[in-house]
Amino acid sequence: MTNLHRHAPLRVALVGLGTVGGGVIRLLQTNADLIARRAGCPIQIVAISARDRNKDRGVDLSPYEWVDDMTTLPGREDVDVVVELIGGADGPALTLARQCLAAGKPFVTANKAMLAHHGLDLAALAEKAGIALKYEAAVAGGIPVIKGLREGAAANEISRVYGILNGTCNYILTTMEKEGRSFDDVLKEAQELGYAEADPSFDIDGVDAAHKLTILASLAFGTELDFGNVAVTGIRHVIAADIAEAAALGYRIRLVGMAENGPGGLFQRVHPMLVPLDHPLAHVDGSLNAVVAEGNFVGRLFFQGRGAGDGPTASAVVADLIDVARDEYGDALAMPVAALAQQPAADAGARIGRSYLRFKVQDRPGVLAEIAAATRDAGVSIESMIQRGASHDDSVLMAIVTHAGEERCVRSTLERLQGSDSVLQTPMVMHILD
C-alpha cells in the first residue's frame with residue numbers, strides 16, 4: 001500500500017563509503033528538496049559505517065554518526081532502512097543482509113554477487129517479514145532495468161534478455177576497435193584511468209557480467225537464480241586481429257550476457273560475440289551498458305545508459321530509498337519465491353547459430369586441409385575463410401565463419417584438432433548474434 005501522507009523522515013544507515021557511498025551522500029544533499037517531495041518525506045542519513053574512519057572521501061561526513069560495528073544497525077530504533085555498499089558475495093555484507101531482514105528492516109543493496117549467490121534466501125526472508133529488499137543499483141548502474149522488468153514488462157512473457165553488462169569490458173573492446181591497439185595495452189590504460197581494478201579478473205573474465213545476468217534471467221523468466229549454470233568466457237583472449245576481421249565481415253565484438261528460457265531449459269551465457277552493425281548493441285561504446293528484453297506483447301525493449309560510477313549507481317540506490325519511503329515494493333524477484341520455476345540448464349550444444357573461429361597455425365602446406373577436414377568430419381559448414389600472411393614466427397592467423405548449425409559441431413571441430421602440431425594455441429570461438 002502506498003503511503004501518500006508520510007511526513008516523518010526516512011532514516012537511513014549507510015554502510016560502505018567508497019565511490020558509490022560518497023555519491024549517495026552527495027545526491028541526497030544536492031537534490032534533498034526534490035527527493036523529499038517525490039518520496040513524501042525527507043530522506044536523511046543518520047548513521048554511517050566503513051572500514052577506515054580517517055580516509056578522505058571528498059565529502060563532509062561530520063553531520064553523520066560514525067558506527068564502527070555495523071551489526072548494531074539492524075536493531076536500532078532510529079534506523080528505518082539500511083543501505084549496503086561494501087560488496088562481496090559472502091562475509092560481512094551477507095551477514096548484515098540477513099540480520100536486517102530477520103529484524104524486519106528494509107534493505108537496499110548494490111551487491112550483485114551476493115544476490116546471484118544468495119538472492120533466493122534473502123528474497124524469502126524479505127517475503128516472510130513483508131519488507132523491502134531493493135537492488136536496482138546491482139545491475140547496469142543507473143539504468144532502471146530492474147524496475148523495467150519487474151514492473152513495466154510484468155504482463156509480458158519474456159523470451160530472451162541479453163546485453164552489455166560490464167563497462168570495463170566494453171571500454172576495452174571499443175577502444176581496441178577505434179584505435180587498433182592490443183588488449184594488454186588498453187587494459188593498462190583502463191586501470192590508470194580507474195575504469196578497471198588493479199586485479200581486473202572479475203570484469204575481464206566475465207564473472208561480474210554473469211552475476212548481473214543471473215539476476216536479469218530470474219526477473220525476466222520467473223525462474224530461480226542459477227549462477228552455477230552460467231557459462232562464462234571473458235575477453236582476455238580477444239586480439240586486435242579478431243576485431244579487424246569482425247569489422248571486415250560487418251560486425252563489432254562485444255561481451256554479451258544472454259539468457260533464454262524455453263522447452264529445453266534455461267540458457268545463460270556470458271561470451272564475446274560478433275554483433276551485426278545494424279543491431280543497437282553494436283553502437284554501445286565506451287563504458288556504457290545496455291540491456292535488451294524481448295516480450296511477447298511489448299516487443300523489443302532497449303535500455304541504455306551509464307552502468308557504473310558514483311552518479312548513476314547512487315541514482316539507483318536513492319530511487320530504491322524513495323520506493324521504501326512510499327511503501328512501494330513487492331516481491332524482490334517479482335513473484336513469491338515459491339512461485340519461481342526450477343528450470344534445468346539448457347543444452348548449449350543444441351543451439352543453432354553461426355560462429356567465428358580463429359586459429360593461429362603453422363605456415364606450411366596441408367594445414368588448411370587439416371582444418372577443413374576437421375570441420376567436415378564434425379558437420380560444420382564453412383561460410384567463409386580468411387588467412388593472413390605469415391608473421392615473424394612462421395605462423396599465420398586463420399579465421400572461419402560457419403553457416404548456421406548446432407554449436408556442438410563447433411566444439412567437436414576443436415576436439416578433433418586437439419594435439420595437432422599445426423595449431424599453435426587454443427583457438428578462439430565467438431558466436432554471432434542473430
Side-chain angles (χ1 to χ4, degrees), residues 19-20 112 139-143 162-213 232-258 269-292 302-313 356 358 360 386 388 391 397 399 401 425-426 428-433:
T19 300
V20 178
K112 61 266 185 183
V139 179
I143 308 171
Y162 60 102
I164 295 168
L165 304 176
N166 184 272
T168 299
C169 289
N170 209 52
Y171 172 83
I172 291 171
L173 290 173
T174 57
T175 303
M176 290 174 68
E177 175 185 296
K178 291 174 181 176
E179 301 178 10
R181 294 159 59 194
S182 72
F183 172 84
D184 290 337
D185 185 32
V186 178
L187 172 60
K188 182 179 178 181
E189 178 185 86
Q191 290 171 313
E192 292 170 353
L193 294 172
Y195 290 134
E197 301 288 342
D199 179 0
S201 302
F202 253 47
D203 290 322
I204 65 173
D205 291 332
V207 178
D208 174 80
H211 287 147
K212 297 169 184 175
L213 182 68
V232 185
T233 303
I235 66 167
R236 68 167 74 230
H237 299 300
V238 176
I239 61 176
D242 293 323
I243 290 175
E245 299 294 3
L249 294 165
Y251 299 95
R252 288 177 175 154
I253 296 175
R254 298 289 186 266
L255 183 70
V256 176
M258 178 177 290
R269 178 161 64 196
V270 173
H271 195 80
M273 298 189 74
L274 272 65
V275 179
L277 289 176
D278 61 357
H279 193 287
L281 288 186
H283 305 281
V284 178
D285 292 341
S287 60
L288 293 177
N289 282 191
V291 177
V292 181
F302 183 74
F303 305 85
Q304 177 180 323
R306 290 174 60 196
D310 58 342
T313 311
Y356 165 96
R358 181 253 300 158
K360 183 179 181 181
I386 304 171
R388 300 299 178 188
S391 63
L397 289 179
V401 175
Q425 60 183 215
T426 301
M428 182 67 176
V429 177
M430 288 183 276
H431 302 294
I432 297 175
L433 182 65

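Values reported hereafter were calculated over all heavy atoms of this structure, with side chains retained and with hydrogens, waters and symmetry mates removed.
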All heavy atoms of Y356 vs all of A399, minimum pair found to be CE1-CB, 3.8 Å
When rounded to the nearest 0.5 Å, the distance separating CG of N170 from CG of N289 is 7.5 Å
Can you find a pair of side-chain heavy atoms, one from L173 and one from V238, that are under 4.5 Å apart?
yes
Derivation and outcome, side-chain contact (heavy atoms from CB on, under 4.5 Å), residues H237 and Q425:
CA-CA 11 Å; H237 299 300; Q425 60 183 215; over 6 Å; no
Main-chain N/O of A282 paired with R254 side-chain donor or acceptor, under 3.5 Å:
yes
Determine the minimum heavy-atom distance between N166 and A209, stating which atoms define it.
CB-CB, 4.5 Å
Going by heavy atoms in the side chains, are P280 and Q304 under 4.5 Å from each other?
no
Atom CE of M430 and atom CG of D242: how far apart are they, to the nearest 0.5 Å?
4.0 Å
With Y162 via ring-ring contact (aromatic ring centres under 6.0 Å, His included) - residues at least two apart
H279
Which residues pass the salt bridge (Lys or Arg N to Asp or Glu O under 4.0 Å) test with R306, not counting sequence neighbours?
none
Side chain to side chain contact (heavy atoms under 4.5 Å, CB included) with A190: which residues, sequence neighbours excluded?
Y171, I172, Y195, A196
According to side chain to side chain contact (heavy atoms under 4.5 Å, CB included), who are the partners of V207, at least two apart in sequence or on a separate chain?
F202, H211, F227
Residues at least two apart in sequence or cross-chain that pass side-chain hydrogen bond (donor to acceptor under 3.5 Å, both in side chains) with D199, listed by chain then number, are S201
Closest non-hydrogen atom pair, M273 against M258
SD-CE, 4.4 Å
For residues I253 and A246, report the shortest heavy-atom separation together with the two atoms involved.
CG1-CB, 3.9 Å
Rounded to the nearest 0.5 Å, what separation is found between the CD1 atom of I239 and the OG atom of S182?
10.5 Å
For the CG atom of L187 and the OG1 atom of T175, what is their distance to the nearest 0.5 Å?
11.0 Å
As a test of understanding, state which of V270, L213, L255, V256 forms a side chain to side chain contact (heavy atoms under 4.5 Å, CB included) with L165.
L213
Separation between CE (M176) and CD1 (I235), nearest 0.5 Å, reads 7.5 Å
Given the rule in the side-chain contact (heavy atoms from CB on, under 4.5 Å) test, do V401 and L249 qualify, once you have shown the distances and angles that lead to the verdict?
CA-CA 9 Å; V401 175; L249 294 165; 3.5 Å; yes
Verify, without hydrogens or angle tests, whether T174 (side chain) and G286 (backbone) share a donor-acceptor contact under 3.5 angstrom.
yes
Please report the shortest heavy-atom distance between L281 and L433, naming the atom on each side.
CD1-CD2, 4.3 Å
Ionic contact status for R358 with E245, cut-off 4.0 Å:
no
To check you understand the geometry: which heavy-atom pair defines the closest contact between P200 and A198, and what is its length?
CD-O, 3.4 Å
Taking side chain to side chain contact (heavy atoms under 4.5 Å, CB included) as the test, write out the residues that go with T426, two or more places apart.
none
CD (E197) with more than 12 external heavy atoms under 6.0 Å
no
Is there a side-chain contact between R252 and H283, using heavy atoms and a 4.5 Å cut-off?
yes
Between NE2 of H431 and OG1 of T233, what distance do you get to the nearest 0.5 Å?
8.0 Å
Looking at K212 and D208, is there a salt bridge between them, counting it only when a charged N and a carboxylate O are closer than 4.0 Å?
yes
